[in-house]
Amino acid sequence: MAMSAKYREFTGLNLPAFEAEVLAQWTEKQAFEKSVSLREGATPFVFYEGPPSANGMPGIHHVISRTLKDLVCRYKTMKGFQVKRKGGWDTHGLPIELGVEKELGITKEDIGKKISVEDYNKKCREAVLRYKDKWDEITKKMGYWVDLNDPYITFKNEYIETLWWLLSELYKKGLLYESVSIQPYSPAAGTGLSSHELNQPGTYKDVKDTSAVAMFRAVQDDKSKFLHDAVHGAEVFFMAWTTTPWTLPSNLGLTVGANIDYVLVKTFNPYTHLPINVVLAKALLGKYFKEEGKDGDFDSYNEKVKLLPWSVIAEFKGSQIEGCEYEQLLPYEANSLKVIEELTPGAKPFRVLVDSFVTTEDGTGIVHTAPAFGADDYKVGKKYNIGILTMVDREGKFVDGLGEFSNRYVKNYKDEKDYVDVNVDISVKLKKENRAFKVEKYEHSYPHCWRTDKPVLYYPLDAWFIKTTAIKDRMVELNKTINWKPKSTGEGRFGNWLENMVDWNLSRSRYWGTPLPVWRTEDGEEEICIGSIEELNRGIKRASEILGGDVNKNYLHEGILDLHKPYVDDIILVSKSGKPMKRVPDLIDVWFDSGAMPYAQWHFPFENKETFKQSFPADFIAEGVDQTRGWFYTLHAIACLVFDSVAYKTVVSNGLVLDKNGNKMSKRLGNVVDPFKTIETYGADATRWYLITNASPWDNLKFDIEGIKEVQRKFFGTLYNTYQFFALYSNVDGFAFKEAYIPLNERPEIDRWILSSLNTVVKKVNEYMDDYEPTQAGRVIEDFVDEHLSNWYVRLCRRRFWKGEYEQDKICAYQTLYECLETLTRLIAPISPFFSDAVFQNLDAVTGRFNAVSVHHVDFPVANEAVIDELLEERMQLAQDASSLVLSLRKKVNIKVRQPLQKVLIPVLSTSMKEQLQKVEDLVKAEVNVKEIEYLSPDNTFISKKIKPNFVALGKKLGPKMKAVSAALAQFTQEDIALLEKEGQYNLSVDGEPVILQIAEVEISSEDIPGWTVANKGSLTVALDVTVTPELEAEGNAREFVNRVQKIRKDKGFDLTDRVEIKVLAPGGLKDSLAQFKTYICAEILADKLEFVPEIQDGIELDINDVLLNVIVSKKG
RNA sequence: AGAUCCGUAGCUCAGCCUGGUUAGAGCACUACACUGAUAAUGUAGGGGUCAGCAGUUCAAAUCUGCUCGGGUCUACCA
């Protein structure tokens, strides 16, 4: 690395400009690649990159999770690990297909008709990396180091082959199976949805649906005899509630709870006003009938009477009506008994069933049961063999043969403007036919398709499942070994999810995705699950040989070249008994793609066996909390299923990024933050620092651009100024850390202090970073830079840098400040990789202490415990407090700091406090411009003292007497306090009982010094002598004069080291002041000559403490 | 509907686990200073029923319960 004689001085704090410069260097010097290769042979730290889908634009929420990933990886690299970060792209799935469909203006039904599957998938493949450039750009600009030269891409054959291998392993273990089940299905998207898709945030929405209480007329038979007898042979209806009236044509049963109490109620239909008898759960009577109407006036009821009279006729258990038959509610051609019999031979529908899922929390306690449209309905329907009717097709509309409802969409899936809700029409029909008791809008939360935003419906589908429930306990057990940040997500959200896990529905009936590698004979008797390309190619040949003809003719020569549809579907395999086998049409859930990345990214087990072994499981992954049931789950599931292992040891889940008002960012609200603009304007470092330090990553972040500005100004501005200050004077003095490291015991107190403080910070930062708490780490650093380094060390030490010769004390100062800056750049490197590197390189270019290309190639600082001196840090705090108090006193009496004062009085409570203060006395005196500090020892009678109980100590001892003692102490006189101090204890009487107070059980502090201006903070009190003697005034004048001349020097643009000559015309008193301090003045302003002249032309007029004078400052030579 | 987290100054956050008597910081605002680091800095001021109510306790922002408000999650909900 090229050495430089001078530290580079910046011309202004322009983070985006620095970053562009640093980026160019990184590229040129291959800094990232080198940061990995430099650690060759070191212990690996394994990180998995969750693959983003590049068919959407990156958002600010991607910046936060990537910052988190990046800072951990950079930190671990600096800690000596080798951290490879293979990037990846998620390329399959619904979002891509929907995007293509939208672009082509087609729907799912058109695929294979208007466009061939081959062309369609070609389009998808093209669309997949549509925004890759934008992603690459944000990756680069935000400083995210990830290897995108050789990323894993989920649509590649090698990737898919690993997926097939995993699936075949599951198949062999009997964990992959097919089954009919009632699944969430999105008619708008044309596909079933997995439970984790249904569990994406925002899928459940509150919607108002038309709900109906329908009346099913009981058939008179033996089972219902007791009901009909009770009403003397009149009609009896079972009441059942539904929020989905569109399922009523598919009704085949009514389910009740065996032990629930039901009642038969005599009343009227509120719509038709006909007398009726209805059955419902006793517990829900109050929902439909008013108490005032009980046993009301039946005779005078008519349509004008609002209050419905009602009487309970009979009461019975649900089990007593099991098996009762009823008339079909909405009979049509398509759902006739004949059709039911054809579909399910021997079915016995329209009966009252009993099951345990029925509750009396809602509805009527009688559940309308349509086996096709509910998981419970399906289960109970199967048990009683009531058949199954699916009166809605896969597009979400009624089938033919349902009269006026035929072919109508059951929900507005097509965004039709004049859509008429078929549910309302069904309800109206029921009302007219005396088959509805109550129809109303009902608000409830209902699942929606995460992609199309349309309501989901439950639908019977054939699907392939992974039997995750088989290893549930093991998954729960292994989860307990994972370090979750925050803990609650792992235990609560993820833990609960595992406890309530259902089998993973893998099937997707789409086109662009990983095909399920299962082939099966037409009769379904024989099937095979293919686990590799080689196995498939063997099968292709074998089938061709055995079956002959044109079978697989296009694939005989080279084998299969693309594992996607439609090619895989061309392949015919042959079963053991010699029958042809075709592939089942399903694709698999894309989440399987991403969950399999630990293996598929290395094409395991076909290649890279050793690499895989070294990089499984991951030490660390991080994504948004929305991935809890997505990637976090699928990674965990596959690892447990196939490898009986966790997939990751530590996982950090970051919260959502909200706008500054706490609203979710959405395109609709227009409150989306553009990450490009943010980074270009304020810099990646400020953005990253803000995102990390403002709130813990797992808390939701209210993103406010003002916060970034504050970080930029406050943190980076301060650090920048500190560096500039250092560079300015080092360049003057030629400091290049050439001298031997001066031992700490030869350095002044303040140097030892800042280094102690620095090492304390280093220690804490290491601890926080090891604990994945970057927010705490960042905040500790911020405090140090602002409070300690800039506003105390540099401020107090400025003179050391610009005064005097280049000797020991000055070198101490340079070495100390240099060490602070150098350590800081390394400390902040993980969070703010650009600015840290720029400053680090500027430092290292002159001193060559590391001789490194980048700060990211050096080791992270480690605390030197020997340098940490707690007492020292404590007394410096005393000095800061004392200074602050004196300054506030000056302010109170309006005496500016430039005016020297004679004395400060500090009462000390102990000798150790005095010793502590004495060691920092000079600093305080210089800081507040006071000549001397006088200490008042504890036994003086001069100051007045204050006493209060030490609650922690006394509370335990006294308990209930605490209040009385506290009151007694408030009454203590100065004499009482003095006595207690002298004796070490005090006999007190509380409520007639003696209490002995020990000195340690109270806190005594000085309160006031009569005749002095005092201020206190905690136990520290200071008093200031505010008398300005003529001598002090003269010195004040001199200082004021120096200050003004310095300003002139600066205004005139003189160099720091320029010597000057001065002519002054001043009135008598002021002239004397200046003459008296002539030596001091000349030294301060680098004047070789200070001349008092009787007359001045073209001088500058200055106001020195309300007296005017004229001066000419000229550069010498 | 349940589960869970959260509610502290105008804003962003500490403090709560382990209770202790003037509840802190930064930003913003106002005034005055300081400055050969000047896109900084200091001092002072206003600004808080620590969401509300009740309980435990000598003592509650802190522990418990309930209520209200917000987030997230779960749900086969008829």
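Labels below follow one simple rule: chain letters A, B, ... track the order of the sequence lines, proteins then strands, and each chain is numbered from 1.
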Check every atom of [options] against the side chain of [X] and return the nucleotide holding the closest atom.
| X | options | answer |
| --- | --- | --- |
| H368(A) | A37(B), U21(B), A78(B) | A78(B) |
| F951(A) | U21(B), C13(B), A78(B) | U21(B) |
| V367(A) | U41(B), A78(B), C27(B) | A78(B) |

Taking the same atom, [atom1], in [N] and in [M], what whole-Å distance lies between them?
| N | M | atom1 | answer |
| --- | --- | --- | --- |
| A23(B) | G70(B) | P | 30 Å |
| U49(B) | U4(B) | C1' | 28 Å |
| G48(B) | C6(B) | P | 26 Å |
| G45(B) | A28(B) | C1' | 14 Å |
| C53(B) | A40(B) | P | 43 Å |
| U56(B) | G2(B) | P | 28 Å |
| G15(B) | A25(B) | P | 15 Å |
| A60(B) | C50(B) | C1' | 11 Å |

When you measure from the side-chain N and O atoms of [X] to the phosphate of [N], is any distance below 4.0 Å, counting only OP1 and OP2?
| X | N | answer |
| --- | --- | --- |
| T718(A) | A40(B) | no |
| S884(A) | U43(B) | yes |
| Y458(A) | C77(B) | yes |
| K714(A) | A40(B) | no |
| R798(A) | A37(B) | yes |

For [X], which contact category applies under a 4.0 Å heavy-atom criterion: base, sugar-phosphate, or nothing?
| X | value |
| --- | --- |
| Q1046(A) | base |
| Y729(A) | sugar-phosphate |
| F1054(A) | base |
| N1043(A) | sugar-phosphate |

Shortest non-hydrogen contact from [X] to [Y]?
| X | Y | answer |
| --- | --- | --- |
| F238(A) | L254(A) | CB-CD1, 3.6 Å |
| T693(A) | E782(A) | OG1-OE2, 3.6 Å |
| V711(A) | W689(A) | CG1-CD1, 3.7 Å |
| M962(A) | P949(A) | CE-CB, 3.8 Å |
| Y723(A) | R8(A) | OH-O, 2.7 Å |

- When you match E787(A) and K1047(A) each to their closest nucleotide on RNA chain B, which lands nearer the 5' end?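 Between the two, 5'-proximity favours E787(A).
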- Mapping R779(A) and G717(A) to their closest nucleotides on RNA chain B, which lands nearer the 5' end?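 Here R779(A) is the residue nearer the 5' end.
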- Is there a donor in the side chain of S250(A) and an acceptor in the side chain of T247(A), or the other way round, less than 3.5 Å apart?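 No, T247(A) and S250(A) have no side-chain donor paired with an acceptor closer than 3.5 Å.
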Could you tell me which nucleotide pairs with [N] by Watson-Crick or G-U wobble geometry, both distances under 3.5 Å, or answer none if nothing does?
| N | value |
| --- | --- |
| A1(B) | U74(B) |
| G69(B) | C6(B) |
| C50(B) | none |
| A14(B) | none |
| G19(B) | none |
| U56(B) | none |
| U43(B) | A31(B) |

Output the rounded distance in Å from [atom1] ([X]) to [atom2] ([N]).
| X | N | atom1 | atom2 | result |
| --- | --- | --- | --- | --- |
| Y633(A) | C73(B) | OH | C1' | 16 Å |
| Q899(A) | C32(B) | CD | C1' | 18 Å |
| Y768(A) | A14(B) | OH | P | 12 Å |
| F373(A) | A78(B) | CZ | C1' | 14 Å |
| N791(A) | G26(B) | CG | P | 11 Å |
| N950(A) | U21(B) | CG | P | 10 Å |
| D704(A) | A28(B) | CG | C1' | 12 Å |
| N929(A) | A33(B) | CG | P | 17 Å |

- Query: With distance as the sole criterion, do the side chain of S211(A) and the base of A78(B) form a donor-acceptor contact below 3.5 Å?
  - Reply: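 Counting by modelled atom types and ignoring angles, no donor-acceptor contact under 3.5 Å is found here.
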- Please confirm whether the backbone N or O of T469(A) pairs with a side-chain atom of D503(A), one donor and one acceptor, at under 3.5 Å?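 Yes, D503(A) side chain to T469(A) backbone: donor-acceptor pair under 3.5 Å.
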- Message: Please verify the inter-ring angle class for F216(A) with H368(A); under 30° counts as parallel, over 60° as perpendicular, anything in between as tilted.
- Response: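 It falls in the parallel class, under 30°.
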